[in-house]
Amino acid sequence: MQYLAAGLRLPTNGLDYTILAIYFAVVLGIGFAARASVKTSLDFFLSGRSLPAWVTGLAFVAANLGATEILGMAATGAQYGVAVVHWYWIGAIPAMVFLGLVMMPFYYRSKVRSVPEFLLQRFDRSAHLLSSILFAFAAILIAGVNLYALSIVVEALLGWPQWVAIVVAGLFVLIYITIGGLSSAIYNEVLQFFVILAALIPLTLLGLKRVGGWDGLTGSLEKSHGQDFLSAWGGTGIGDANPLGANWLTIILGLGFVLSFGYWTTNFAEVQRALSAKNLSAAQRTPLIAAFPKIFIVFLVMIPGLVAAVLVPKIGTPGSDLTYNDAIPLLMQELLPNGVLGIAVTGLLAAFMAGMAANVSSFNTVFTTDIWARYVKKDRPDAYYLRFGRLITAIGVLASIGTAFIAASFSNIMSYLQTLFSFFNVPMFVVFIIGMFWKRASMKSGVWGLVAGTTAAMINYFVIYKQGVIDIPTDQGANFVSAIVGFVAGAVVMVAVTLFTAPKPEAELAGLVYGTESPDADEVPEEGDDAWYRRPALLGWGAIVLAALCYVPYSF
């Protein structure tokens, strides 16, 4: 993410800062209130598996409402038009439904505390250790990205020095997670979800009013940017040129399948919210409940981007001092009165803190349960791991502050973040999907699939793309291709290794491979489980149909 324009300083006053102070006080209050429920390490890392589905569902979607979602997707709307809907209706909803209907029974019934721990049960220690290290490393990098993006926004909008914003936000996240554990993070994410909506809804409505409503917006954009700017699929034929730098095949395979499923089904920052649910039914409904607001959040980030493209036609071009990342701050400066401005700033801070908290809380769980307790300090009392979990949370936040300054060395954080997903999430996904659906996949194939997928994605990006071996128009298009290459390489290597190594004993695969029965498969459903809103399959198909219907106006 490039620096925001210096001229975007907001005319904040005492009322705005009062709203901001109240929010921070409530955040800390939730942390102290959640402390009473933290008595064991399970309470700290997974909220004792006690939370209702609506809480975990809102936390699930809020955990994703971070730096890329608010500023990044609005910037994507200003740059590429309504093509941004692909990141939601193709790049999120199907994968969220797949997670709820297919993968959550494997996660929840196996009683794992993390995603890498599932790989230990399905494959072996080498796959488990490698995936744990890769995930812990990526989580700290991504938490640092959220902190750095926050510091850029706060410096431009409020005038705070970057280091002040980084340290203050990092300390607040440290306090409420260290005190209240995952419960504190989740309940704060529910609060942050509504604060973010309170910030984006007035911004969207006032932006539409400024440009003459939807008809005025689309009419202006068609004249200045062409018809394809208002069509999700315009110009995406194979061989056609378009600003996104991707055709329909790479959009569907690269974004819609590999990157999307890799992120939503194996990223523990998201899955952890579902694992904290009170039973299997609630765990399955967590991503499905989250899918419904996810369908409509795209409008709250896309429309401000489109409005900014109308108000400043040259935004993001060499002739303008405004980058695409300035879309949301620009509208905040232009449209919002004091008071509402304070809510909007609070919403932005909430978004960044939610993204950071999700990654820090998943990092402390993976590092404590999958690395420290498994390979360093085994068989210690539960109280020891609870204390260590709090300690490693502090270390994780401090490391995030460090990686936030490292992130400052990258000229485009958005591309950096998407590249990380293609390197780390995609190889994890191919190992999971083959291991879950192919009983013969051997124990050693897991670790080699991870190595091959990550290596192939990196080679494609840094050698084939960056060195110009193959001409790919944009970084975003290169990320889609890297994801496809990483997936194919990981799958091919897993099959090849399986042919020459021993499979896991069939008796140890119960509940870990599709079609095998878990030892507790006869789990008693919660009371009233026949209600329509408690049926995961109905919720899942409903989300997919609704997302598909939303595509209709943008398909022509």
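Since the structure is predicted, the reported quantities are computational estimates derived from the model, not experimental observations. Residue indices begin at 1 and follow the sequence shown.
- In terms of heavy atoms, A232 sits closest to V85 at CB-CG2, 3.9 Å.
- Between the side chain of T393 and the backbone N or O of N364, no donor-acceptor pair lies under 3.5 Å.
- To the nearest 0.5 Å, atoms CG (N425) and CG (N267) are separated by 5.0 Å.
- Here T286 contributes atom OG1 and L58 contributes atom CG; the two are 10.0 Å apart, rounded to the nearest 0.5 Å.
- Between the R390 side chain and the T178 main chain, a donor and an acceptor come within less than 3.5 Å of each other.
- The aromatic rings of F429 and F261 are tilted relative to each other, their planes meeting at an angle between 30° and 60°.
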query: Yes or no on side chain to side chain contact (heavy atoms under 4.5 Å, CB included) for S220 and V211, after CA distance, side-chain angles and deciding distance?
result: CA-CA 8 Å; S220 298; V211 296; 5.9 Å; no
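- Counting heavy atoms from C-beta on, the side chains of P313 and K223 never come closer than 4.5 Å.
- When ring centroids are compared, Y88 and F299 stay outside the 6.0 Å threshold.
- For the pair A327 and A74, the tightest heavy-atom approach, listed with the atom from each and the gap, is CB-O, 4.3 Å.
- Centroid-to-centroid, the aromatic rings of H86 and W233 come within less than 6.0 Å.
- Atom CZ of F32 has 12 or fewer neighbouring heavy atoms from other residues, nucleotides or ligands inside a 6.0 Å radius.
- Under the 3.5 Å distance criterion, the side-chain polar atoms of T218 are matched with a main-chain donor or acceptor of D215.
- The shortest non-hydrogen separation linking S482 to S422 is CB-OG, 4.2 Å.
- Here the shortest heavy-atom pairing between E270 and A63 reads OE2-C, 3.8 Å.
- For A185 against I177, the heavy-atom pair with the smallest separation is CB-CG1, 4.3 Å.
- Atom CD1 of I297 sits about 6.0 Å away from atom CG of L197, to the nearest 0.5 Å.
- Two residues are said to be in side-chain contact when any heavy atoms from C-beta on lie closer than 4.5 Å; Q333 and L341 fail this criterion.
- Between F363 and I392 the shortest side-chain heavy-atom distance falls below 4.5 Å.
- Panel note: side chain W89, backbone I295; a donor-acceptor pair is recorded below 3.5 Å.
- The shortest distance between side-chain heavy atoms of L539 and F292 falls below 4.5 Å.
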query: Could you go step by step and tell me if S362 and F135 meet the side chain to side chain contact (heavy atoms under 4.5 Å, CB included) rule?
result: CA-CA 9 Å; S362 59; F135 178 82; 3.6 Å; yes
query: What do the steps show when you test F98 against F257 for ring-ring contact (aromatic ring centres under 6.0 Å, His included), and what is the final call?
result: CA-CA 11 Å; F98 183 82; F257 176 59; 8.6 Å; no
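- M96 and L288 make their closest contact through O-CD2, 4.0 Å (heavy atoms, listed as atom of the first residue, atom of the second, distance).
- Going from atom CD1 of I175 over to atom CZ of F24 covers 11.0 Å, rounded to the nearest 0.5 Å.
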field: side chain to side chain contact (heavy atoms under 4.5 Å, CB included) evaluation trace for L191 with Y23
entry: CA-CA 9 Å; L191 169 66; Y23 168 74; 4.1 Å; yes
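- Not less than 6.0 angstrom separates the ring centroid of H225 from the ring centroid of Y80.
- Side-chain contact between L300 and I201 is present, with heavy atoms from C-beta onward closer than 4.5 Å.
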message: Working note: E189 + V61, criterion side chain to side chain contact (heavy atoms under 4.5 Å, CB included); need CA distance, chi angles, decisive distance, verdict.
response: CA-CA 9 Å; E189 285 162 1; V61 69; over 6 Å; no
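- A distance of 11.0 Å separates CG in L259 from CG in L253, rounded to the nearest 0.5 Å.
- A distance of 4.0 Å separates CG in N64 from NZ in K294, rounded to the nearest 0.5 Å.
- Side-chain contact between M332 and V345 is present, with at least one heavy-atom pair separated by less than 4.5 Å.
- F193 has its side chain out of reach of F60: every pair of non-hydrogen atoms, C-beta onward, lies at least 4.5 Å apart.
- When side chains are defined from C-beta on, V298 does not count as touching M73, because their heavy atoms never get closer than 4.5 Å.
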